Amino acid sequence: WLQWQSVQDSDGIYWMLPVITCTVLMGLALDYEIFLFSRVYEYRCKGFTTRAAIVLGVSSTGPVISAAGCVMAMAFGGLLLENIVSSNQMGMVFVFGVLVDTFVVRPILVPAVLSFADKFNWWPTKMPMPVKDEYENSINLDAPSIDSL
């Protein structure tokens with residue numbers, strides 16, 4: 001129905017497609033997540049609460065990671081213009097995978113997991129007591145909070 005001749009003539013997926021795409025997409029995703037998590041860790045070490053560190057980390061790395069994801073999706077989109085079936089298939093998986101990681105995993109799933117894990121995020125490291133919230137206001141250390149549970 002698309003009149004996409006190179007895909008229309010295929011008998012199935014290329015046998016190396018899962019191996020190649022999984023390794024490349026995992027590498028790209030881990031690169032983005034390390035960039036995000038290092039920023040969250042940096043804010044937490046500066047005395048922000050875990051929630052504040054997550055909010056500030058995601059907001060400060062968001063534009064850079066989103067732009068990089070869009071550039072990668074456009075670059076992989078070039079594979080869709082090939083007449084080789086395996087290149088078309090890889091291009092489609094790469095574009096879809098990068099866009100899902102950029103706009104679903106990084107801004108929604110990673111912050112949710114980080115907020116649920118709380119103290120386990122920093123496990124071998126001893127973090128300082130949080131003294132600032134996401135608005136850089138001093139917090140009352142005597143009041144109960146999620147970080148003190």
Side-chain angles (χ1 to χ4, degrees), residues 2 4 6-7 13-82 84-149:
L2 286 174
W4 198 352
S6 61
V7 175
I13 66 167
Y14 180 53
W15 68 274
M16 285 289 289
L17 181 77
V19 175
I20 294 171
T21 56
C22 284
T23 55
V24 172
L25 288 174
M26 286 299 280
L28 288 172
L30 286 174
D31 185 43
Y32 293 157
E33 304 315 326
I34 288 171
F35 180 56
L36 169 63
F37 193 75
S38 64
R39 186 55 59 124
V40 172
Y41 181 78
E42 176 185 325
Y43 281 120
R44 185 61 186 93
C45 286
K46 289 182 180 179
F48 287 93
T49 62
T50 299
R51 181 183 184 281
I54 294 168
V55 168
L56 293 170
V58 170
S59 66
S60 65
T61 60
V64 174
I65 294 174
S66 298
C70 290
V71 168
M72 290 303 296
M74 286 189 290
F76 288 136
L79 292 172
L80 297 172
L81 303 175
E82 292 284 330
I84 304 167
V85 176
S86 60
S87 294
N88 288 140
Q89 293 173 355
M90 276 191 253
M92 188 66 192
V93 172
F94 282 147
V95 168
F96 181 75
V98 166
L99 291 177
V100 166
D101 181 60
T102 301
F103 295 112
V104 176
V105 174
R106 188 216 21 104
I108 298 169
L109 295 179
V110 171
V113 170
L114 287 176
S115 64
F116 285 138
D118 198 26
K119 291 187 180 186
F120 295 113
N121 295 330
W122 332 112
W123 169 56
T125 307
K126 185 78 171 163
M127 284 291 155
M129 287 296 294
V131 293
K132 296 185 266 186
D133 65 4
E134 57 267 21
Y135 305 110
E136 296 195 26
N137 297 328
S138 295
I139 59 172
N140 183 3
L141 295 177
D142 297 327
S145 70
I146 290 178
D147 289 335
S148 66
L149 297 176

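Because the structure is a prediction, the values reported are computed rather than measured.
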Would you say the side chain of [Y] lies within less than 4.5 Å of the side chain of [X], judging by non-hydrogen atoms?
X: D101; Y: L25; answer: no
X: F35; Y: L30; answer: no
X: V93; Y: L17; answer: yes

Exercise. When rounded to the nearest 0.5 angstrom, what distance separates CZ in F94 from CD in Q89?
Worked result: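 Answer for the CZ-CD pair, F94 versus Q89, is 12.0 Å.
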
Q: Could you tell me the separation between the CZ atom of R51 and the CG atom of D118, rounded to the nearest 0.5 Å?
A: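 Between atom CZ of R51 and atom CG of D118 there are 12.0 Å.
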
Which atom pairs, donor and acceptor, lie under 3.5 Å between side-chain atoms of residues 60-77 and protein residues at least two apart or in another chain?
residue: S60; atom: OG; partner: L56; partner atom: O; Å: 3.0
residue: S60; atom: OG; partner: G57; partner atom: O; Å: 3.2
residue: T61; atom: OG1; partner: G57; partner atom: O; Å: 2.8
residue: S66; atom: OG; partner: G62; partner atom: O; Å: 2.9
residue: S66; atom: OG; partner: R106; partner atom: NH2; Å: 2.9

- Using atom types as modelled and distance alone, determine if a side-chain donor or acceptor of R39 lies under 3.5 Å from a backbone N or O of Y43.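 Such a contact is absent between R39 side chain and Y43 backbone.
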
Heavy atoms only: give me the nearest [X]-[Y] pair and the separation to one decimal.
X: V40; Y: A53; result: O-CB, 3.5 Å
X: N88; Y: L79; result: ND2-O, 3.2 Å
X: I20; Y: M90; result: CG2-SD, 3.8 Å

* Asked: Excluding sequence neighbours, so at least two apart, what forms salt bridge (Lys or Arg N to Asp or Glu O under 4.0 Å) with E33?
  ->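 If we apply the salt bridge (Lys or Arg N to Asp or Glu O under 4.0 Å) test to E33, skipping adjacent residues, there are no hits.
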
Checking [X] now: which residues fulfil side-chain contact (heavy atoms from CB on, under 4.5 Å) with it, not counting sequence neighbours?
X: C45; result: Y41, M127
X: P111; result: I54, V58
X: V104; result: V100

Worksheet item: Under 6.0 Å from the CE atom of M26, do we count more than 12 heavy atoms belonging to anything else shown?
Response: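 No, because the 6.0 Å sphere around CE of M26 holds 12 heavy atoms or fewer from other groups.
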
Notebook entry, point to check: What residues form a ring-ring contact (aromatic ring centres under 6.0 Å, His included) with F37, not counting sequence neighbours?
Noted result: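 Applying ring-ring contact (aromatic ring centres under 6.0 Å, His included) to F37 gives W122.
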
Residues which pass ring-ring contact (aromatic ring centres under 6.0 Å, His included) with Y14, listed by chain and number, not counting sequence neighbours:
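Y14: no ring-ring contact (aromatic ring centres under 6.0 Å, His included) contacts found.
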
